[in-house]
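Okay, structure first, notes after.
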Amino acid sequence: MSGWKQWLARQRYLLDFTVAAMWRRRWRNLLLLLVYALVVFLLASVLFYGSALRRDAAAVLSEAPEVTVQRIVLGRHALSPPDWPDRLRGIRGTRQVQGRLWGYYYDRANGANYTIMVPSHFSPEHSLKPGEAIVGAAVKRLRDERGLGWLHLLSPADNRLLRLKIVRTLPAESELVSADLILVSEKDFRRFFHLKPEDGFTDITLRVRNRNEIDTVAAKISTLLPQARVITRRDILRTYENLFSWREGVVLAMLAAALAAFAIFAFDKASGLSAEERREIGVLKALGWDTRDVMAMKLWEGMLVSLLAFLFGVVAAWLHIYMFDAGVLVPVLKGWSVLYPQVALTPHVDALQLAALAFMTIVPFTAATLVPVWKAAITDPDVVMR
Amino acid sequence: MMQRSRLFQRRSTPVLLMLGAGMALLLAEIACSGLCFADRLHARQRTAQLVAQLGLSDIALFTEARYTRHPSQADLFTPFQDAPGSLEHFPSGSLLTPPPHIVPTTGRARQSPPSPSSNQPDNRE
């Protein structure tokens, strides 16, 4: 028999013995596997959800306005004067300069917050007449349960009722960006918020003919309008680059909890073996087993538990996020929100992320099993068995 | 038949089969991520078109506060509302961190080239 075949056969026999030994403590091992898989599942779920959300956000916001100009007064966002669009059109290289009208509305009827917006002039398919509205799918679910097609909003300025006919609902597949949107005509918007034309716009958006010149145009805007804050598309994309990344917020909390759980596992393993396990090692040594064989057997034990837990946890997390739309995680993120988008994320598995997760979960546990075994295995069998 | 029963006589066989099944499922999921969800990819493209048509700038994940609904458009003071000493108090504020362009010293902003918007007036002392 060639060398590697012999090695393989030896490992297989060791594995047989390891499984038999684990089977003797099956309930303890099964419970360990279950808890371990649950920790991996939670961690992988958060990582998958975060990475899918980041990718989807980056993909859809790659079409966000190239440059947004806000007026800042006293460190806060204020309305942009009505002459700003014309002044910005004067900058060479700009195109599709337009004043955006959008604002927030708190619905006292159900406690939801909506974003009310006037559709862009450059999008004729969303043009609206006074009294008409296009709403996001979540708004439709929340406010038009009976499907009558009307929306009644109480103006925050004078408590007058604005009655809008829902002419269309934005596609449910776009809820990630449009869940809370209510599109209305400019006339209705200004009437609803008591905003006169001379008050201007919420902010200004524009496109730049040559994408390489976005930074130059932004610098020119800052010089022309010292009160302006310029937000480029790159800034918008960068805002979502770190969304639910492992270094921040809830993910860091989850990671810390998972690491604490692993630390407890590892401590439990490293702090010593049970009397039964010590006796087992002593018997094996007395029967002529090498320290190396005992170590290999225990290595297999640690690897089997951690590898199975990793595989079960990751497979279940993928199904949870992409097939069951993150049913466990969404209630945590939803919190007290009245209005929350129903999002079907586009699946993506990042090999590097998976490798990091495997390294983080398999290696520490396996390594922790070896230390006490090594200590017991190098001791005289007679002493170990006593 | 005889051979099969001998195969399963070994204790490690079911465990190895479980490992193999787990590995196969994981590989199937990885392959499926790229192949089985073409409809979601198309939906994402259509959503990007909607973003271009309406000029949207943020995702509607957290609608409870201005700075979590439109984090890219928020200024540094929005979370603290009208009272300078008040704490940021919306639950979703703990899930979203401030965007790098208004807090230039955090995260990747340190390595990335300075954006022209980083000379914003709201961040000056």
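Side-chain atoms are counted along with the backbone in the values below, which use heavy atoms only and exclude waters and symmetry mates. Sequence lines set the chain letters: A, B, ... in the order given, protein chains first and strands last, and positions in each chain run from 1.
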**Item:** Derivation of the side-chain contact (heavy atoms from CB on, under 4.5 Å) call for B:E64 and A:Y106
**Value:** CA-CA 9 Å; B:E64 61 185 348; A:Y106 174 70; over 6 Å; no

**Prompt:** chain B heavy atoms under 4.5 Å from A:T115: which part of the residue, side chain, backbone, both or neither?
**Reply:** side chain

**Prompt:** Looking at B:R66, B:H70, B:R69, which one forms a side chain to side chain donor-acceptor pair (under 3.5 Å) with A:Y104?
**Reply:** B:H70

**Request:** Sort A:L53 into side chain, backbone, both or neither according to what part of it lies under 4.5 angstrom from a heavy atom of chain B.
**Result:** side chain

**Item:** A:H348 side, atom NE2; B:F37 side, atom CZ - distance, nearest 0.5 Å
**Value:** 14.0 Å

**Prompt:** With respect to chain B, which residue among A:I236, A:V349, A:L339 yields the maximal number of heavy-atom pairs within a distance under 4.5 Å?
**Reply:** A:I236

**Item:** Distance, nearest 0.5 Å, that separates OG of B:S12 from CG of A:L304
**Value:** 9.0 Å

**Message:** Which atoms of A:Q96 are under 4.5 Å from chain B, going by heavy atoms: the side chain, the backbone, both sets, or neither?
**Reply:** neither

**Request:** Answer with side chain, backbone, both or neither: which region of B:L50 has an atom nearer than 4.5 Å to a non-hydrogen atom of chain A?
**Result:** side chain

**Item:** Between CG on residue B:L61 and OH on residue A:Y340, distance to nearest 0.5 Å
**Value:** 4.0 Å

**Side-chain touch A:S174/B:Q49, heavy atoms, less than 4.5 angstrom** = no

**Request:** I would like to know whether A:L181 and B:L54 meet side-chain contact (heavy atoms from CB on, under 4.5 Å); could you show each step before the answer?
**Result:** CA-CA 11 Å; A:L181 271 190; B:L54 296 177; 4.1 Å; yes

**Request:** Determine the option with the most heavy-atom pairs under 4.5 angstrom with chain B, choosing from A:V343, A:L311, A:I221.
**Result:** A:L311

**Request:** Give the member of A:P65, A:S120, A:S62 that has the highest number of heavy-atom pairs under 4.5 Å with chain B.
**Result:** A:P65

**Prompt:** Measuring heavy-atom distances to chain B, does A:W300 have an atom under 4.5 Å in its side chain, in its backbone, in both, or in neither?
**Reply:** neither

**Prompt:** Charged N to carboxylate O below 4.0 Å: is that the case for B:D75 and A:R229?
**Reply:** no

**Minimum heavy-atom distance between A:A64 and B:S57, given as atom pair plus value** = CB-CA, 4.3 Å

**Request:** Could you tell me which non-hydrogen atom of A:R12 sits nearest to which non-hydrogen atom of B:L16, and how far apart they are?
**Result:** NE-CD1, 3.6 Å

**Complete:** So, the part of B:Q45 with a heavy atom under 4.5 Å from chain A: the answer is neither

**Request:** Identify which part of A:H77 has an atom lying under 4.5 Å from any heavy atom of chain B, answering side chain, backbone, both or neither.
**Result:** both

**Prompt:** Do NZ/NE/NH1/NH2 and the carboxylate oxygens of B:R11 and A:D16 come within less than 4.0 Å?
**Reply:** no

**Prompt:** Any side-chain donor paired with an acceptor under 3.5 Å for A:W318 and B:S33?
**Reply:** yes

**Request:** Walk me through it: do B:L96 and A:T239 pass the test side-chain contact (heavy atoms from CB on, under 4.5 Å)?
**Result:** CA-CA 10 Å; B:L96 273 180; A:T239 301; over 6 Å; no

**Request:** Supply the atom-to-atom distance B:M23 CE to A:L307 CG, rounded to the nearest 0.5 angstrom.
**Result:** 5.5 Å

**Prompt:** Under the side-chain contact (heavy atoms from CB on, under 4.5 Å) test, which residues partner A:E63, sequence neighbours left out?
**Reply:** B:A48, B:V51, B:A52

**Asked** Going by heavy atoms in the side chains, are B:H101 and A:T232 under 4.5 Å from each other?
**Response** no

**Request:** Given side-chain contact (heavy atoms from CB on, under 4.5 Å), test A:L61 with B:L56 step by step and report yes or no.
**Result:** CA-CA 8 Å; A:L61 295 176; B:L56 305 175; 5.6 Å; no

**Asked** Considering only heavy atoms, which portion of A:M117 lies under 4.5 Å from any heavy atom of chain B: side chain, backbone, both, or neither?
**Response** side chain

**Prompt:** Below 4.5 Å, heavy atoms only, C-beta onward: do A:L243 and B:I59 meet side chain to side chain?
**Reply:** yes

**Prompt:** Between A:A344, A:A179, A:A57, which has the largest tally of heavy atom pairs under 4.5 Å with chain B?
**Reply:** A:A344

**Prompt:** Is a donor on one side and an acceptor on the other found under 3.5 Å between the side chain of B:R44 and the backbone of A:A59?
**Reply:** no

**Request:** State whether the number of non-hydrogen atoms from other residues, nucleotides or ligands found under 6.0 Å of A:L74 atom CG is greater than 12.
**Result:** no

**Asked** Quick one: what part of A:R233 sits under 4.5 Å from any heavy atom of chain B, side chain, backbone, both or neither?
**Response** neither

**Complete:** Max heavy-atom pairs within cutoff under 4.5 Å with chain A, candidates B:V15, B:L25, B:I30, B:L19, goes to B:L19

**Greatest number of heavy atom pairs closer than 4.5 Å to chain A - which of B:C36, B:S72, B:G55, B:S92** = B:S72

**Fill in**
Smallest heavy-atom separation, B:L26 atom then A:F310 atom, equals CD2-CE2, 4.5 Å

**Asked** Can any side-chain N or O of A:Q70 pair as donor or acceptor with the backbone N or O of B:Q73 at less than 3.5 Å?
**Response** yes

**Request:** Check whether A:L354 gets within reach of chain B through its side chain, its backbone, both or neither, counting any heavy atom under 4.5 Å.
**Result:** side chain

**Prompt:** Who are the side chain to side chain donor-acceptor pair (under 3.5 Å) partners of A:Y13, not counting sequence neighbours?
**Reply:** none

